[in-house]
Amino acid sequence: MNIHEFQAKQLFAQFGIPVPIGKEIRTPRAAEKWAAKLNASVYVVKAQIHAGGRGKAGGVKLTKNCAEVPALAKELLGRNLVTHQTGPKGRKVRRLLVEEGAGIARELYLSLLVDRDSGWPVFIASTEGGMEIEEVAAKAPEKVLKEPVDPAVGYQGYNGRNLAYGLGLPALEPSILGSFIALLGNLYRLFMEKNASLVEINPLVITHDKKLIALDGKVSLDDNALFKHPDFQAMRDLHEEDPLEIEATNNNLNYVKLDGNIGCMVNGAGLAMATMDVIKLAGSEPANFLDVGGGATKETVAAGFRILLKDRNVKGIFINIFGGIVRCERIAHGVIEAAKEVDIRIPVVVRLQGTNADEGRKLLQESGLKIEVATDLWEAAQKIVALTGKRRKKADAAS
Amino acid sequence: MSILVNKSTRVVVQGITGKEGSFHATQCKAYGTQVVAGVTPGKAGQAVEGIPVFNTVRDAVKTTQCDTSLIFVPPAFASDAILEAADAGVRLIVCITEGIPVNDMVRVKRALRGRDVRLIGPNCPGIITADECKIGIMPGFIHKKGRVGVISRSGTLTYEAVNQLTTLGLGETTCIGIGGDPIIGTGYVDLLAMFEKDPETEAVVMIGEIGGDAEEKAAAFIKQHIRKPVIGFIAGITAPPGRRMGHAGAIITGGKGTAAEKMAALEDAGVIVVRNPAEIGKTVQGALSPRGSV
């Protein structure tokens, strides 16, 4: 689960990590009130969307004039922001963070995540703050420092010293050493206690008056650990999620919307990805990832159908089920019931394999519905691509 | 021969009185696995399909000499269950549970380091040695004793590959689902090394997916140490970056962990990479036939 920058900074503050004084703002009027109260030498107005690259896209405004803040807020609120992470459609700005500006002497990069190979949390730090770390890693890998933390004992002072001396901080600014080492410890505590999967401060700045401040903040929380933190529910912003994905989650389905036109419904995440890949190999593009899970029932299949059909790009549906514990004849019943319920006017190919596959295929063939049935994965993929292709050509000819 | 599990493996099922636990314990037993004990705290003295239930893994080990644990405990209690099994002296732990918090697994993995115990999973279908021993949730009937070892991060996609191998008459030795989470107990490398040493395994199918760099690490190992043919498939060539594709570990982050990168690394290591998942079996057959005909 991703959260907004202002929420990340609230977590930082809770854990003693210094952040600029700021507030979440939803209207120009609130911006005006807050700016007057803030009384800063520089005001920063930042669009709050779940995507990076906001600065370059014009989503961050600066002013020294308190009176300009409401106008800047008005300019950003409701605007569609397109960054390299939002896709061409962009995201609508509904919230802002209005905070005091900092006098920047130096920008650093700092993040913490779990290294998948070792299974240890690892700090990543660089003197090249403000840039994307992937870019730094590609251009100057020697400038990206890593410091693993032994989870058996947790963060130690030496972890902080390794990074501080590695970055050359004492030479840059000796008075900052102690607070830098303490900040890393606080970040580690936040990461473990809040079950974060990523904490990133970019940039972490050293100000002219020799203080460390987290000027930006990104926190991703581990979806698997949300049950430990019921308070996180309040931080979820449904506007940042696709409505079909929300509906899928509510039905215990795992759905990711894509841009193609063949909707697919599969049991198991790996097989679902492989099914998307096979659609592409057969000459078309998948409209989505949809895993109905190991315990697929009539109800989940019907819910999956409804979600696929709500995507207007979908011109054909490919259902691929490998029955293990899930029995194919039950899936077939689900497909038949759902098809009767929702009036499907586009081609559907159902491929059943595994437990009771023959029985399932027979049910579908005898259902009187216009559903193509298949056994082989490749044959099924070619079938659905051919059927949707034909339809498209017919539609083109008619128009 | 086979790797890790066989006819003499003695299994304890943790969480045996739950819906999943009781169903699969029964299925494993029916396959021929020696399921000798179950554990659910507070339910000692009961039995599930004739399998005695104990309060603790320690009690189960003492009474039944079980050496392998199969875990169906809910995510919030799974790390406790894994550590309990390790402490009780079990040598192999197979954790099926999906949805364990990553930081819980960080602590578990650290605690198991240097100890004489192996964890498979979590978030995996388990391990099966065809016609001998099934420890997991896979459909037993698609497996047939044969020549190919299978290692996979997926569940149903593994069944797809296994079904192709069986249909073509190639059969399998041992099939292991290593799990779809970012942090897992056992990766490709250890298992590849075991298959290389197993005289009955003639080729290995390796099924990967986007996210992390386990396949790249495996490729480096294969290049150095594996002589047997390895056939690889990577799911997710069409997956967009930054989106989690079902499995917690299946996500491309910072441009890293793409299917294309993994395929290139494997090909560079001499692995036969299959583009079309429907052709995994046929490709294995092709890789084995020159030897078979000699």
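Lettering follows sequence order; numbering is per chain, from 1.
Using a 4.5 Å cut-off between heavy atoms, Glu245(A) contacts chain B through its side chain alone, with no backbone atom that close. When heavy atoms are compared at a cutoff of 4.5 Å, Arg113(B) approaches chain A solely by way of its side chain, counted from C-beta outward. With a 4.5 Å cut-off on non-hydrogen atoms, Lys217(B) touches chain A through its side chain but not through its backbone. With a 4.5 angstrom heavy-atom cutoff, Ile234(B) touches chain A only via backbone atoms. Asn254(A) touches chain B through its side chain: at least one heavy atom from C-beta onward sits under 4.5 Å away, while N, CA, C and O do not. Within the 4.5 angstrom heavy-atom criterion, atoms from both the backbone and the side chain of Ala76(B) approach chain A. Contact annotation for Glu209(B): only side-chain heavy atoms (C-beta onward) come within less than 4.5 Å of a heavy atom of chain A. When heavy atoms are compared at a cutoff of 4.5 Å, Ala152(A) approaches chain B by way of both its backbone and its side chain. Contact annotation for Ser118(A): only backbone heavy atoms (N, CA, C, O) come within less than 4.5 Å of a heavy atom of chain B. In this structure, no portion of Ala282(A) lies under 4.5 Å from any heavy atom of chain B. For a residue to count as touching a neighbouring chain, one of its non-hydrogen atoms must lie under 4.5 Å from one of that chain's; by this rule Phe322(A) touches chain B with backbone and side chain alike.
Listed options Leu271(A), Ile279(A), Asp222(A) were ranked by heavy-atom pairs under 4.5 angstrom with chain B; first place goes to Leu271(A). Here Ile100(B) is the residue among Ile100(B), Ile184(B), Asp213(B) with the most heavy-atom pairs under 4.5 Å with chain A. Contact count against chain B (heavy-atom pairs under 4.5 Å) is highest for Asp277(A) among Asp277(A), Asp115(A), Asn267(A). Counting heavy-atom pairs closer than 4.5 Å to chain B, the top-ranked of the candidates Met273(A), Met192(A), Gln353(A), Glu132(A) is Met273(A). Contacts with chain A were tallied for Arg153(B), Arg244(B), Arg275(B), Glu98(B); Arg244(B) has the most, counting heavy-atom pairs under 4.5 Å. Chain B forms more heavy-atom pairs under 4.5 Å with one residue of Val278(A), Val326(A), Asp291(A) than with any other, namely Val278(A). Heavy-atom pairs under 4.5 Å with chain A were tallied for Gly242(B), Gly212(B), Gly155(B), Pro240(B); the largest tally goes to Gly212(B). Between chain A and the residues Asp104(B), Asp181(B), Val108(B), Ile207(B), the largest count of heavy-atom pairs under 4.5 Å involves Asp104(B).
Atom CZ of Phe23(B) sits in a crowded spot, with more than 12 heavy atoms from other residues, nucleotides or ligands closer than 6.0 Å. Around CG of Asp117(A), the count of heavy atoms belonging to other residues, nucleotides or ligands within 6.0 Å exceeds 12. Atom NZ of Lys144(B) sits in a sparse spot, with 12 or fewer heavy atoms from other residues, nucleotides or ligands closer than 6.0 Å. Around CD of Glu20(B), the count of heavy atoms belonging to other residues, nucleotides or ligands within 6.0 Å does not exceed 12. The 12-atom threshold is exceeded at NZ of Lys257(A), counting heavy atoms of other residues, nucleotides or ligands nearer than 6.0 Å.
Side-chain N or O atoms of Asn159(A) include one that pairs as donor or acceptor with a backbone N or O of Gln156(A) at under 3.5 Å.
Note that the CG atom of Leu70(B) and the NE2 atom of His24(B) stand 9.0 Å from one another [nearest 0.5 Å]. Here Glu215(B) contributes atom CD and Ile222(B) contributes atom CD1; the two are 10.0 Å apart, rounded to the nearest 0.5 Å. Taking CD of Glu240(A) as the reference point, atom CG of Asn2(A) lies at 9.0 Å (rounded to 0.5 Å). Between atom CZ of residue Phe289(A) and atom CG of residue Leu253(A) there is a gap of 11.0 Å, rounded to the nearest 0.5 Å. With rounding to the nearest 0.5 Å, the separation of CG in Asn261(A) from OG in Ser284(A) is 4.5 Å. Considering NZ of Lys134(B) and SG of Cys175(B), their distance stands at 12.0 Å, rounded to 0.5 Å.
Arg236(A) and Glu241(A) are joined by a salt bridge, as a carboxylate oxygen and a charged side-chain nitrogen come within less than 4.0 angstrom of each other. Between Glu285(A) and Lys280(A), at least one side-chain nitrogen of the basic residue sits less than 4.0 Å from a carboxylate oxygen of the acidic one, meeting the salt-bridge criterion.
Chain A is approached within less than 4.5 Å, heavy atom to heavy atom, by Ile137(B), Pro139(B), Phe141(B), Ile142(B) from residues 135-142 of chain B, ordered by number.
The side-chain contact (heavy atoms from CB on, under 4.5 Å) test with Ile82(B) singles out one residue from Val73(B), Leu112(B), Asp87(B), Val117(B), and that residue is Leu112(B).
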